[in-house]
Amino acid sequence: MRLVPLFGHFARFQLTNGKKTDMIKNVAYGRGNNLLDVYIGGPSPAATTSMSCHADDDAESDHTVESNGSPVIIYVYGGAWDSGHKSMMMPMAQNLANQGYIVIVPDYTRYPQAKIEDMVRDVQDAVVWTSQNATRYGGDPSNIYLMGSGSGAHVASLAIMNDAVEQLGGIPAPAVRDDCSPLVKIPSWPDQLVNLHTTAQPRLKERVQGLILFSGVFDITFYYAYLHKRGIEEVSAMPRVMHQSANNYLACSPSWILSTATENLPKPELLEQVLPKTILIIHGEQDRLIPAHSSQTLFNLLCAAEIPNIKFKVYTGQSHLDPAIDLILPSNAITAALLNDIADVVRPSMVLPGTGASTPNGSVVDGHGGEEEHQMLKQQQDQYTKEFSASLLRDSALVF
């Protein structure tokens, strides 16, 4: 119900908004039959309408604009892995584009037509397409940020974390007692498929400049137990999307991947070279849909792995933060704060002094602590690993 009045406010804002956003709809991308929308913002005081919209069904049509090197944000929407559509993201995407970003909103295959490996493949394809086509729409291909919320944050972070450890040689497969189910195979990135046929040593690479994660699910095992506690694990698509087995719940958990990589990679310090340069994690303190513990754990593990330039922000008093809703109306206090959080990552030099680290709506922890703090975070990681394994063994019977 919250969405209806916000859309009304957004419509009124659009009537008086002097900025114009160009929207290119239904651009084909990737290895499937998926489409994406591109939003190009810019000042246009004389504009009488807020948006021009046209389709890009003709792959040869020319929508090239003069490149201004704008940062590019790819937004992976949430929807519990089984719902959502790129058209519903238009108000949020337009607002972001009005901040000077090029915004890409891809549709991706959802359950029941797809499972987690298909969704990750689609996100990979969206990133590859964006890096190849950003300049065509005025974006900077070296300045791409992957943003996701809810289940979209899970898929986006899994695509990045799994790729990072694969580039560094991989990690041991999960081996939960009595689970003989086939293990899910998260697909390789397109350029990795090419490297399989060469003898050259592949070059380590970051896929995106930054990750921006809203209210994400990063521990699938814990989230399954949380759903079970609420009595809704049977109606949720999540267990079936993750192949409904204890080992697969681990293999699909970005937190488990990061924890296992830190403990098992020969050179875990190389994670810094393959993970994004900046990571922002945002969660509502009162989120009952996806508890904030999920984001807190991922942040602790990133700190323990000594990944630089990470920030975790908790919005006090807020429930499930969804950019598709909370980033609609620029005049809202929470919208302004979230936009500033994003700018702090994407354009740090443009954030007003004193506003990037904290706002009245939230509290911030960053990953820049001393030796004592790092030791504490390492202890938290060890404790997390023990609790994770114990919880998995305790709750694995629920899976079958």
Side-chain angles (χ1 to χ4, degrees), residues 69-76 96 99 101 127 131 140-149 153 156-165 167-168 204-216 218 254-255 257-259 261-262 265 267-283 294-315 323 337-359 362-378 380-381:
S70 297
V72 183
I73 295 176
I74 305 170
Y75 178 58
V76 185
L96 282 175
Q99 312 308 310
Y101 310 129
V127 172
S131 65
D140 181 355
S142 66
N143 203 18
I144 296 172
Y145 297 81
L146 188 58
M147 185 168 86
S149 63
S157 60
L158 180 58
I160 296 300
M161 297 292 179
N162 186 77
D163 170 66
V165 299
Q167 289 194 57
L168 298 179
L204 299 180
K205 63 187 298 185
E206 299 162 330
R207 301 297 177 178
V208 292
Q209 186 79 0
L211 266 179
I212 303 171
L213 305 171
F214 286 80
S215 306
F218 308 114
S255 288
I257 291 172
L258 183 58
S259 175
T262 304
L265 286 175
K267 295 183 177 180
E269 65 274 12
L270 292 180
L271 283 167
E272 180 183 345
Q273 297 184 29
V274 288
L275 287 174
K277 283 184 169 51
T278 57
I279 299 176
L280 171 64
I281 306 170
I282 297 176
H283 219 112
S294 175
S295 290
Q296 178 71 65
T297 298
L298 181 64
F299 173 76
N300 289 346
L301 290 167
L302 287 165
C303 290
E306 301 184 357
I307 305 302
N309 301 321
I310 55 175
K311 183 177 289 186
F312 174 39
K313 182 163 186 178
V314 178
Y315 271 69
L338 289 172
L339 287 173
N340 202 70
D341 290 338
I342 294 170
D344 191 27
V345 171
V346 180
R347 286 176 161 162
S349 62
M350 296 183 64
V351 177
L352 296 177
T355 63
S358 181
T359 74
S363 58
V364 170
V365 183
D366 63 32
H368 304 288
E371 182 61 32
E372 183 177 344
E373 181 177 346
H374 281 297
Q375 186 61 33
M376 179 189 69
L377 289 167
K378 182 65 168 65
Q380 289 179 339
Q381 180 203 18

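Only this structure's heavy atoms are used, side chains among them; waters, hydrogens and symmetry mates stay out.
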Shortest non-hydrogen separation from [X] to [Y] and the atoms involved:
X: Glu206; Y: Lys277; answer: OE1-NZ, 2.8 Å
X: Val165; Y: Leu271; answer: CG1-CD2, 4.4 Å
X: Ser142; Y: Gln209; answer: O-OE1, 3.5 Å

Working to the nearest 0.5 angstrom, can you tell me the gap between [X] [atom1] and [Y] [atom2]?
X: Lys313; Y: His283; atom1: NZ; atom2: NE2; answer: 15.0 Å
X: Gln99; Y: Ser70; atom1: CD; atom2: OG; answer: 12.0 Å
X: Leu213; Y: Phe312; atom1: CG; atom2: CZ; answer: 11.0 Å
X: Glu269; Y: Ile307; atom1: CD; atom2: CD1; answer: 10.0 Å
X: Tyr101; Y: Ile342; atom1: OH; atom2: CD1; answer: 6.5 Å
X: Leu204; Y: Leu270; atom1: CG; atom2: CG; answer: 6.5 Å

* Quick one: do Val127 and Ile160 satisfy side chain to side chain contact (heavy atoms under 4.5 Å, CB included)? Show the steps, please. => CA-CA 10 Å; Val127 172; Ile160 296 300; 5.7 Å; no
Compare all side-chain heavy atoms of [X] with those of [Y] and state whether any distance is below 4.5 angstrom.
X: Tyr315; Y: Asp341; answer: yes
X: Leu338; Y: Pro323; answer: no
X: Asp344; Y: Lys311; answer: yes
X: Leu275; Y: Leu211; answer: no
X: Cys303; Y: Ile310; answer: yes
X: Leu302; Y: Met161; answer: yes
X: Thr262; Y: Leu301; answer: no
X: Leu96; Y: Leu339; answer: yes

* To do: Please report the C-alpha distance between Val274 and Asp163 in whole Å, then the side-chain angles of each, then the deciding distance to 0.1 Å, and finally whether the side chain to side chain contact (heavy atoms under 4.5 Å, CB included) criterion is met.
  => CA-CA 8 Å; Val274 288; Asp163 170 66; 5.8 Å; no
* Please lay out, stage by stage, how Leu258 and Phe218 fare under the test side chain to side chain contact (heavy atoms under 4.5 Å, CB included). => CA-CA 10 Å; Leu258 183 58; Phe218 308 114; over 6 Å; no
Quick one: does [X]'s side chain have a donor or acceptor within less than 3.5 Å of a partner on [Y]'s backbone?
X: Gln167; Y: Lys205; result: yes
X: Thr278; Y: Asn309; result: no
X: Ser157; Y: Ala153; result: yes
X: Ser215; Y: Ser149; result: no

* Please assess Ile144 against Ser131 for the test side chain to side chain contact (heavy atoms under 4.5 Å, CB included), listing each intermediate value before the final yes or no. => CA-CA 8 Å; Ile144 296 172; Ser131 65; 4.0 Å; yes
* **Option among Ile212, Val346, Val208 that satisfies the side chain to side chain contact (heavy atoms under 4.5 Å, CB included) test with Met147** =>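 Single side chain to side chain contact (heavy atoms under 4.5 Å, CB included) partner of Met147 among Ile212, Val346, Val208: Ile212.
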